[in-house]
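These numbers were taken from a predicted model, which means no experiment stands behind them. Numbering of ligands and ligand atoms starts at 1, following listing order.
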Amino acid sequence: MKCDREVGLDSLGKSGLVGYMSALLGGREILIVEDEVLLRKRLAAYLESQGAACTAVGTLAEGRNALENLPLDYVLADVNLPDGLGLDLIEVAQDQGEIPIVIMTADGGVAAAVDAIRRGASDYLAKPFDPQEIPLVLGRAQSGRRESRLKRHRNQSGRGETADEGLFFGDSLEVFRGQLSKVIEADRRLSDKLPPVLIEGETGTGKSSVARWLHANGSRSDKELVVVNCAALPEQLAESELFGHEKGAFTDAKQARIGLFEAADGGTLFLDEIASLSPSLQAKVLTAIEEGRIRRVGSSKQVDINLRLIAASNRSLKDLSARGEFREDLYHRLNLLSFTIPPLRERGEDALRMAEHLLKGLARKYGYKKAAFSERCRRWICNYEWPGNVRELEHEIERALVLGDAESLEFLGMPNAVETAESPNVPLGAAGDWLNPAWSLPEQGFSLEAAIDRLIDLAIDECGGNVSKAARRIGVARDYIRYRKTKKGK
Ligand SMILES: Nc1ncnc2c1ncn2[C@@H]1O[C@H](COP(=O)(O)OP(=O)(O)OP(=O)(O)O)[C@@H](O)[C@H]1O
């Protein structure tokens, strides 16, 4: 965490560095708490030469007093002070409006540095250090503070209307919303060891959106949400991506790295398309959930983790496990709190309400004050099958808004005469229909994008979740499937 490892002084260039320092330190009030007189004076002289105003003291009591009474921007504190530990100032700095505090540790004081960060220090400087490092460390501390503020702000607003605003439930998902609220209530009571949640539904029905909603409205919203598209994980690296690895665990493991489970510790891990994981990884995920522990690749040690796991699948895990294509034990573990989001075509008039909700957001995004669907388009929204579900609807609206007449929106490929609500629905969503040679393009149009996605899903499904095999089966590169999946995930 020493600054020159992340932001090289050289990389700023001399004039850039001078500008950077004066912008950072000019007019700033900095408290130095250091009992070594010479170092204290040197630091103060350097910071003042950069335009900062310094208060330099030598004891914990003086440091506490200054923190409680002066309007400070930053604090630099030594660990060992004659009357106690400088680490005790971390809490005081936080109470005084989260003033960034950097701890100066003695030579080789790694344990103190780790302790300092754990207790909430912004960063540390290991002695001896070059005073020129200070502005960079303080700069990082300042942006870290900004980020945590922003995050808190987002979470606070996400807890109320804003999180709801993004997601439209409507009448058809009202029961579902009630169930999700119950999960959130139960979470608040449990606080620890939250049971996993499974969300199933066709592609584009909103599984990822619901996972984000659950996180944003839940008790862990101030912690990380780590999203993993299991279908896009490179096969050979999937285990180390999920669980991390030790240095030298495999040829390219030049450094030890934590995995996504550890990254999500304390927060939420969302495993999208969980059925794409190999059986051996499914077993490891099960162990992680049940024991609350993971093991990095190449390590003999286990690491405790405490997270909320949300898994999603656009294929029924029950069916897959009945066919032996998904581990039954993992399915049962996930099935405890499971929800299925219905496809858009089964949500009745909510399809139109959803379209209006999406249009509102998109019109705002593109700066349209007035935007509305044509009457024909409204009928089309109610009649069409929407095999790509909400995603397809959203893309159609966005395309129409950008390319067409915003005040009377029409979708590309919409037939001239849109039937009334009584017209029969053509089952565009089923894989067999458009693969059948006797099939012809239906009057009301057809989504090629959704057809490609469906074909890919079908291939993955038939190849037991093995993406490489699926790619060979439909004659495309594995990367193409990953590209489509990543594109969809956006
Ligand atoms: N209830 C909803 N309200 C508002 N927007 C929604 C809703 N459901 C889905 N969307 C939008 O539809 C798009 C697709 O949703 P999402 O990615 O959550 O679907 P998904 O089921 O996870 O898809 P996939 O199975 O392909 O991963 C997103 O842009 C999302 O914002």
Side-chain angles (χ1 to χ4, degrees), residues 158 161-181 197-217 225 227-233 268 270-277 310-317 320 338-365 381 386-399 401 429 447 449-461 465 467 481-490:
E161 285 93 43
T162 320
D164 275 13
E165 237 177 51
L167 207 58
F168 175 81
F169 285 93
D171 294 344
S172 52
L173 298 186
E174 203 41 54
V175 174
F176 175 49
R177 184 201 188 123
Q179 291 165 335
L180 293 178
S181 300
V197 171
L198 171 64
I199 308 170
E200 292 184 318
E202 285 180 15
T203 181
T205 44
K207 299 180 294 297
S208 311
S209 312
V210 166
R212 287 177 206 278
W213 186 93
L214 255 182
H215 176 78
N217 288 277
L225 165 68
V227 177
V228 186
N229 184 347
C230 299
L233 284 178
T268 304
F270 174 47
L271 293 182
D272 198 4
E273 307 212 27
I274 192 168
S276 301
L277 291 180
I310 305 180
S313 175
N314 53 23
R315 295 172 284 161
S316 153
L317 292 190
L320 290 179
S338 72
F339 306 96
T340 302
I341 309 182
L344 196 55
R345 63 181 169 279
E346 288 175 13
R347 296 192 212 170
E349 289 188 2
D350 270 352
L352 187 56
R353 291 190 204 114
M354 171 74 83
E356 273 160 354
H357 169 89
L358 295 171
L359 177 59
K360 219 191 267 173
L362 288 166
R364 207 181 306 133
K365 174 175 160 188
I381 291 169
W386 298 112
N389 291 293
V390 189
R391 179 181 294 107
E392 188 185 2
L393 174 64
E394 195 175 31
H395 287 179
E396 285 294 344
I397 299 172
E398 187 162 15
R399 186 160 47 186
L401 199 59
S447 166
E449 289 286 315
I452 293 173
D453 287 338
R454 185 165 281 275
L455 191 53
I456 287 174
D457 287 343
L458 184 74
I460 295 177
D461 200 1
V467 179
I481 295 188
R482 280 179 53 202
Y483 159 76
R484 297 231 24 129
K485 293 278 174 197
T486 319
K487 193 170 135 213
K488 270 201 312 175
K490 275 182 187 166

Which atoms of ligand 1 sit under 4.0 Å from any heavy atom of Lys207? 18 (O), 19 (O), 20 (P), 21 (O), 22 (O), 23 (O), 24 (P), 25 (O)
Between Lys207 and Glu202, is there a donor-acceptor pair closer than 3.5 Å when you use the side chain of the first and the backbone of the second? yes
Relative to atom 7 (C) of ligand 1, which among Asn314, Leu167, Asp272, Ile341 owns the nearest non-hydrogen atom? Leu167
Numbered atoms and elements of ligand 1 in range of Phe168, under 4.0 angstrom, heavy atoms: 1 (N), 2 (C), 3 (N), 4 (C)
For the side chain of Asn389 and the backbone of Pro343, is there at least one donor-acceptor N/O pair under 3.5 Å apart? no
Which of the numbered atoms in ligand 1 are under 4.0 angstrom from any heavy atom belonging to Thr203? 24 (P), 25 (O), 26 (O)
Does Glu349 CD have over 12 foreign heavy atoms under 6.0 Å away? no
Arg391 versus ligand 1: do any nitrogen or oxygen atoms come within less than 3.5 Å of each other? yes
Side chain to side chain contact (heavy atoms under 4.5 Å, CB included) between Phe169 and Leu180, intermediate numbers included: CA-CA 11 Å; Phe169 285 93; Leu180 293 178; 4.1 Å; yes
Please find the pair of heavy atoms, one from Ser313 and one from Arg315, that lie closest to each other, and give the distance. OG-O, 2.5 Å
Applying a 4.0 Å heavy-atom criterion (strictly less than), which segment of Leu173 is in contact with ligand 1: side chain, backbone, both, or neither? neither
Do Glu200 side-chain atoms and Leu317 backbone N/O form a donor-acceptor pair below 3.5 Å? yes
Taking distance alone, with N or O pairs closer than 3.5 Å, would you say Ser209 contacts ligand 1? yes
Honestly, for Asn389 the part within reach of ligand 1 (heavy atoms, under 4.0 Å) is neither
Under 4.0 Å between a Lys/Arg side-chain N and an Asp/Glu carboxylate O for Arg391 and Glu394? no
Any non-hydrogen atom of Met354 lying under 4.0 Å from ligand 1? yes
Heavy atoms only: which of Gly170, Gly206, Ser208, Ala211 is nearest to atom 9 (C) of ligand 1? Gly206
Close approach, Gly204 and ligand 1, non-hydrogen under 4.0 angstrom: yes
Do any nitrogen or oxygen atoms of Glu273 lie less than 3.5 angstrom from nitrogen or oxygen atoms of ligand 1? no
Across all chains, not counting sequence neighbours, the side chain to side chain donor-acceptor pair (under 3.5 Å) partners of Glu356 are Arg378
